[in-house]
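When reading the values below, keep in mind they use all heavy atoms of this one structure, side chains included, and skip hydrogens, waters and symmetry mates.
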Amino acid sequence: MPRAGRWARKRRFGSRRGIVLAIAVMAMLVLLGVCGLCIDVGQAVYGLQQCQNAADAGALAGSQELPYSTPATAMARSIATANVPSSQSSLFSVNATYYAKSATVPNYGIAPYGGAVVVTAAKNVRYVFLRALGFGGVTVHRSSVATKIITGTCISPMWISNATVVQNGVQINMLMSDGPHCAGIPGSFGFLTPNGGVDFDLCLKGLITPEQAELQRLRENDYVWAYTGLGVGHFRGDLIGDVDSRLKRAQNTAPWSGDTFASFHGDNPRIMIVPFVDYIDGTGSGARFAVQRFGAFWLEDVITNGTDRYIQGRFIDFTTPGGTGYGIKTTHLVQ
């Protein structure tokens, strides 16, 4: 065979090998791109969800500490960080920002009383397949906003002994003047001094402002002091007698007017959030107590029969002021 023919065939074969190689490279790039879309982009989407979960948890936790900026942001960062996988903690970053009352919260609006906390969680997602195409990774992030919005009733300025046995639906005497309730504490008849100079009658009626309600927010192990000098007609008027008493408001105002113990709105004025306490020391207005827990009671009556003077209530459940069960509702995840 002539040499020219052999060289021509070699050139054609070499050209075909070059085309096959190019097609193979292109197919490999397409395959990497498809894998990148399926796996790497999927990892980014999963990272977004992880960030949202961490941000939501942090914002809700931080809002429990509002309106106090340092505790709120510290709690928010701590809980948000605790909600990321420990094996991937180096890939995440968390930031918490406090916004005071009336400040403009980005992507939300004006912060209500008590302020707002914004938590942003970010994750550095490292690509595997798309790295071959020159994409090293991406940082994804999500934010969550929680606010404090106070509604419902405030903590009632009275106390119940922590040793009192209670059961859901069972009526008890919430307060008995000069009875076993106050045994060994001369001059203390079961009422508490409101914090911050808040008016006692308005506090017992549950008619104070959100700012004043914040002052009445107690926690376990807080100290509280007795309030003395009350006559039975005084607290009777606040609870059932006056036109703006708890009982009259509940009976005459929608949507509470149709409520019963078996079916009621969580912010009904008849629901009283009362601290359960242990007596520490002191007498009279100097009697000091330590808060141990809180109970929600359905106010039923004030009995004044001779020397018998007590407030009747039906126990609902143990609760936490600021929770979403009864009375004060303080935290709300808004975004």
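- Counting all heavy atoms, side chain and backbone alike, R246 lies closest to S156 at NH2-OG, 3.4 Å.
- Put simply, M174 and I240 are part of the same group of oily side chains (I, L, V, M, F, W, Y) that touch within less than 4.5 Å, one to the next.
- A side-chain contact (heavy atoms from CB on, under 4.5 Å) with F315 is found for one member of V274, T164, V166 and no other, namely V166.
- Grouping the Ile, Leu, Val, Met, Phe, Trp and Tyr side chains by contacts below 4.5 angstrom, directly or via other members, places L230 with L247.
- Under a 3.5 Å cut-off, the side chain of S263 and the backbone N or O of T260 do not form any donor-acceptor pair.
- Using a 4.5 Å cut-off on side-chain heavy atoms (C-beta onward), I110 and T104 make contact.
- When atom types are taken as modelled, the side chain of D222 and the backbone of V291 share no donor-acceptor pair closer than 3.5 angstrom.
- Between the S161 side chain and the A163 main chain, a donor and an acceptor come within less than 3.5 Å of each other.
- Contact detail for A76 and V119: the closest heavy-atom pair is CB-CG2, 3.6 Å.
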- Task: Output, in order, the C-alpha distance, side-chain angles, deciding distance and verdict of side chain to side chain contact (heavy atoms under 4.5 Å, CB included) for I271 and F264.
- Result: CA-CA 9 Å; I271 298 174; F264 53 77; 3.7 Å; yes
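- Checked against a 6.0 Å centroid threshold, the rings of F276 and F318 count as neighbours.
- Atom-to-atom distance recorded for F235:CZ and I311:CD1 is 5.0 Å, nearest 0.5 angstrom.
- No side-chain heavy atom of M75 sits under 4.5 Å from any side-chain heavy atom of V117.
- Annotation: side chain of F294 is in contact with side chain of I155 (closest heavy-atom distance under 4.5 Å).
- The shortest distance between side-chain heavy atoms of Q171 and W298 does not fall below 4.5 Å.
- With respect to F191, the ring-ring contact (aromatic ring centres under 6.0 Å, His included) criterion is satisfied by exactly one of W225, F200, Y227: F200.
- The closest donor-acceptor contact from the side chain of R314 to the backbone of G169 lies under 3.5 Å.
- With hydrogens and angles disregarded, no donor-acceptor distance shorter than 3.5 Å links the side chain of K123 to the backbone of L48.
- Residues R293 and N162 are in side-chain contact: their nearest non-hydrogen atoms beyond the backbone lie under 4.5 Å apart.
- Listed for the N173 side chain is no donor-acceptor partner under 3.5 Å among the backbone atoms of Q312.
- With hydrophobic clusters built from ILVMFWY side chains whose heavy atoms lie under 4.5 angstrom apart, L202 shares a cluster with V198.
- No side-chain donor-acceptor contact under 3.5 Å links Y98 to the backbone of P71.
- Across H265 and W256, no two heavy atoms sit closer than the pair CB-CD1, 4.0 Å.
- S257 contributes no side-chain N or O that, together with a main-chain N or O of N252, makes up a donor-acceptor pair within less than 3.5 Å.
- Rounding to the nearest 0.5 Å gives a distance of 12.0 Å between CE of M272 and CD of E300.
- Note: T120 OG1 to N95 CG = 6.0 Å, rounded to the nearest 0.5 Å.
- For the atom pair CG of L239 and CG of L204, the computed distance is 4.5 Å after rounding to the nearest 0.5 Å.
- Using a 4.5 Å heavy-atom threshold, the side chains of Y46 and V125 count as separate.
- R249 contributes a side-chain N or O that, together with a main-chain N or O of D244, makes up a donor-acceptor pair within less than 3.5 Å.
- Across all non-hydrogen atoms, the minimal contact from S245 to G237 is CB-O, 3.3 Å.
- With contacts defined as side-chain heavy-atom distances shorter than 4.5 Å, the pair F92/Q50 qualifies.
- Looking at R77, its side chain never comes within 3.5 Å of a backbone N or O of G62 through a donor-acceptor pair.
- Atom CD in E65 sits 10.0 Å away from atom OG1 in T73 (nearest 0.5 Å).
- Counting only heavy atoms from C-beta outward, the side chains of P275 and L192 approach each other to under 4.5 Å.
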- Audit row: D56, S144, side chain to side chain donor-acceptor pair (under 3.5 Å) steps and yes/no: CA-CA 5 Å; D56 288 349; S144 187; 2.8 Å; yes
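- From T147, atom OG1 reaches atom NZ of K101 across 14.0 Å, with rounding to the nearest 0.5 Å.
- What you find for A296 and I273 is that their closest heavy atoms are CB-CD1, 3.9 Å.
- The cluster map of Ile, Leu, Val, Met, Phe, Trp and Tyr, joined by side-chain heavy atoms under 4.5 Å apart, puts V84 and L60 in different clusters.
- V94 and V140 are not part of a single hydrophobic cluster, where members link through side-chain heavy atoms under 4.5 Å apart.
- Heavy atoms only, all atoms of each residue included: T139 and A122 are closest at CG2-CB, 4.2 Å.
- Within a 6.0 Å sphere centred on NE2 of H234, other residues, nucleotides and ligands contribute more than 12 heavy atoms.
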